[in-house]
Amino acid sequence: MANDASTVFDLVILGGGSGGYAAALRGAQLGLDVALIEKDKVGGTCLHRGCIPTKALLHAGEIADQARESAQFGVKATFEGIDVPAVHKYKDEVISGLYKGLQGLVASRKVTYIEGEGRLSSPTSVDVNGQRIQGRHILLATGSVPKSLPGLEIDGNRIISSDHALVLDRVPKSAIVLGGGVIGVEFASAWKSFGSDITIIEGMKHLVPVEDENSSKLLERAFRKRGIKFNLGTFFQKAEYTADGVKVTLADGKEFEAEILLVAVGRGPVSQGLGYEEAGVAMDRGYVLVDEYMQTNVPTISAVGDLVPTLQLAHVGFAEGILVAERLAGLKTVPIDYDGVPRVTYCHPEVASVGITEAKAKEVYGADKVVALKYNLAGNGKSKILKTAGEIKLVQVKDGAVVGVHMVGDRMGEQVGEAQLVYNWEALPAEVAQLIHAHPTQNEALGEAHLALAGKPLHSHD
């Protein structure tokens with residue numbers, strides 16, 4: 001290994017996904033000399049195989065649904081089908097535009113970008129392309145890949161991961177989606193809009209099981225109405241090929257058959273064979289362990305993003321990367337409150353939340369100290385215009401702040417910004433009720449919910 005000792009960077013980042021490139025951009029902005037090492041494309045999973053392409057597919061599905069259902073709005077339109085190559089062209093153009101913009105940002109900030117497969121070679125160096133890149137500090141940001149279950153082999157043919165699903169050359173006639181979390185319900189929603197017959201298998205007792213139970217039940221009701229089938233509360237046992245598809249057997253013996261099986265049981269960290277353990281980095285089940293400032297047990301090494309056991313969200317990666325860059329630049333930093341991170345599942349209808357669930361609030365504060373209020377979107381003019389159903393649920397500590405906002409309905413992801421402020425600024429319902437929300441908007445529903453919680457409901461019953 002040739003030792004390039006001519007440069008010692010302030011920060012060497014291994015991985016150019018959300019966490020890595022955010023740290024690079026912020027670090028360079030603060031005057032750090034930064035090297036960013038990426039084996040594939042800057043932008044990582046989120047831009048190329050995750051957030052962006054899946055939301056493009058979901059939007060295409062939304063357009064398909066609108067075409068089918070246009071008559072209810074007095075518009076005569078005909079739905080003729082899905083042009084899969086054209087959908088991929090649209091999706092790829094979105095990705096390409098963002099990718100070019102990101103490449104320009106990295107170059108404009110004078111970040112030294114190194115394309116190649118890097119490996120941690122010491123607490124202060126990374127080996128890549130036959131060179132040893134030295135750094136005063138190393139940031140590990142190697143992300144995650146789709147997981148499977150023991151004995152279930154993802155072959156990319158009939159048993160596929162989300163990576164394969166994003167480039168599938170057809171709309172499957174039928175699909176079993178193994179996993180009812182964010183990834184599973186988003187693909188189930190998009191494929192149903194495209195015309196597939198969908199069955200979701202979820203071992204827990206609800207879809208999107210990390211959300212408030214009320215949100216899960218509302219989504220289940222909406223999926224039933226859309227004709228999306230699901231089986232809850234029984235775990236997967238095995239999958240096998242049939243003459244023209246896949247058969248899935250559950251632990252209770254129940255069987256399901258479809259053309260393809262999408263394995264959507266989460267994502268696991270990319271950490272094996274990269275020199276982390278050899279450098280003394282503490283790990284657990286493949287995850288790199290960090291403190292609240294993203295510092296590992298090795299003083300010169302930090303880690304962020306899907307590689308660490310925090311929320312696997314691109315915006316969490318951004319925040320963690322920025323935190324590390326600012327800490328290394330000598331700025332005062334504040335640990336991330338992960339409960340205060342907005343979470344959105346972009347299915348139809350959308351599920352959005354920030355803060356803690358009612359069940360968690362009762363655990364923390366006591367059942368007698370928790371107040372919950374539901375505001376039905378049926379009372380919201382813009383939601384009626386859009387013909388979307390759902391609710392906004394507020395969880396409050398009695399006589400205190402709102403500690404949870406849970407929303408289900410089309411476009412609720414666009415309302416989570418204000419919900420985030422309500423939670424993170426520890427707002428009282430009466431304080432939010434004083435704010436005037438534009439009419440008619442869906443955002444107004446959030447204001448109406450707080451009016452009701454403050455004891456002065458307008459377009460809702462006492």
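Quick caveat: nothing in here was measured; it's all calculated off a predicted structure.
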Can you confirm whether more than 12 heavy atoms, excluding those of Glu426, are under 6.0 Å from its CD atom?
no
Could you tell me whether a side-chain N or O of Ser70 sits under 3.5 Å from a main-chain N or O of Val75, the two making a donor and an acceptor?
yes
Residue Glu80 excluded, over 12 heavy atoms near CD under 6.0 Å:
no
Kindly give the heavy-atom pair with the smallest separation between Met412 and Ala352, and that separation in Å.
O-CB, 3.7 Å
Is any side-chain heavy atom of Val408 closer than 4.5 Å to a side-chain heavy atom of Glu391?
no
Check for a donor-acceptor pair, side chain of His459 on one end and backbone N or O of Ala445 on the other, with a separation under 3.5 Å.
no
Find out whether Leu232 and Lys205 are in side-chain contact, i.e. whether some heavy atom of one side chain is under 4.5 Å from a heavy atom of the other.
no
Distance-only polar pair, side chains of Glu259 and Ser174, donor-acceptor under 3.5 Å
no
Is Lys387 salt-bridged to Asp410, cutoff N-O under 4.0 Å?
no
Ion pair check, Glu115 and Lys41, cut-off under 4.0 Å
no
Distance alone, cut at 3.5 Å: any donor-acceptor contact between the side chains of Asp155 and Tyr241?
yes
Count the heavy atoms of every other residue, nucleotide or ligand shown that sit under 6.0 Å from NZ of Lys55, and state whether that count exceeds 12.
yes
With a 4.5 Å heavy-atom cut-off, do Leu140 and Ser302 have their side chains touching?
no
Testing the 3.5 Å rule here: is there a donor-acceptor pair between the side chains of Asn231 and Glu202?
no
If I compare all heavy atoms of Val246 with all of Ala239, which pair ends up nearest, and what's the gap?
CG1-CB, 4.3 Å
If you count heavy atoms of other groups shown closer than 6.0 angstrom to CD of Glu153, is the number above 12?
no
Would you mind reporting whether Ile385 and Phe73 have side-chain heavy atoms less than 4.5 Å apart?
no
Could you go step by step and tell me if Leu139 and Met294 meet the side-chain contact (heavy atoms from CB on, under 4.5 Å) rule?
CA-CA 9 Å; Leu139 175 60; Met294 316 315 296; over 6 Å; no
4.5 Å side-chain heavy-atom contact, Arg267 and Thr45:
yes
Hey, are Thr54 and Arg49 close enough side-chain-wise for a donor-acceptor pair under 3.5 Å?
no
Between Arg109 and Leu25 (side chain of the first, backbone of the second, donor and acceptor by atom type, cut-off under 3.5 Å), is there such a pair?
yes
Could you check Asp65 against Arg68 for salt bridge (charged side-chain N to carboxylate O under 4.0 Å, His left out), going step by step and ending with a plain yes or no?
CA-CA 5 Å; Asp65 287 332; Arg68 286 190 193 93; 2.9 Å; yes
Do you know which two heavy atoms are closest between Leu446 and Gln415, and how far apart they sit?
CD2-O, 3.9 Å
Is the number of heavy atoms from other residues, nucleotides or ligands within 6.0 Å of CZ (Arg221) greater than 12?
no
Ignoring hydrogens and angles, state whether a donor on the side chain of Thr310 or Glu320 is under 3.5 Å from an acceptor on the partner side chain.
yes
Nearest atoms (heavy-atom pairs only) where Val290 meets Val308:
CG1-CG1, 3.9 Å
Measuring only between side-chain heavy atoms, which start at C-beta, is Pro172 closer than 4.5 Å to Trp191?
yes
Are Lys393 and Glu358 close enough for a salt bridge, meaning some N to O gap below 4.0 Å?
yes
Would you say the side chain of Arg224 lies within less than 4.5 Å of the side chain of Ile228, judging by non-hydrogen atoms?
no
Can you name the nearest heavy-atom pair linking Val185 to Cys347, along with the distance?
O-CB, 3.8 Å
Pair His437-Glu418, side-chain donor/acceptor within less than 3.5 Å
yes
Counting distance only, does the side-chain N/O of Ser460 pair as donor-acceptor with the main-chain N or O of Pro457 below 3.5 Å?
no
Closest approach of Ser189 and Arg226, non-hydrogen atoms and distance?
OG-NH1, 2.8 Å
Within a 6.0 Å radius of atom CD on Glu414, are there more than 12 heavy atoms belonging to other residues, nucleotides or ligands?
no
Residue Arg327 excluded, over 12 heavy atoms near CZ under 6.0 Å:
yes
Under 3.5 Å, is there a donor-acceptor pair linking the side chains of Tyr375 and Asn380?
no
Quick one: does Phe230's side chain get under 4.5 Å of Thr199's, heavy atoms only?
no
Any donor-acceptor N or O pair under 3.5 Å, side chains Asp40, His48:
no
So does Glu117 have more than 12 non-hydrogen atoms from other groups sitting under 6.0 Å from CD?
no
Verify whether one side chain among Gln442 and Ser383 offers a donor that lies under 3.5 Å from an acceptor in the other.
yes
Does one side chain, of His348 or Glu62, offer a donor that lies under 3.5 Å from an acceptor on the other?
no
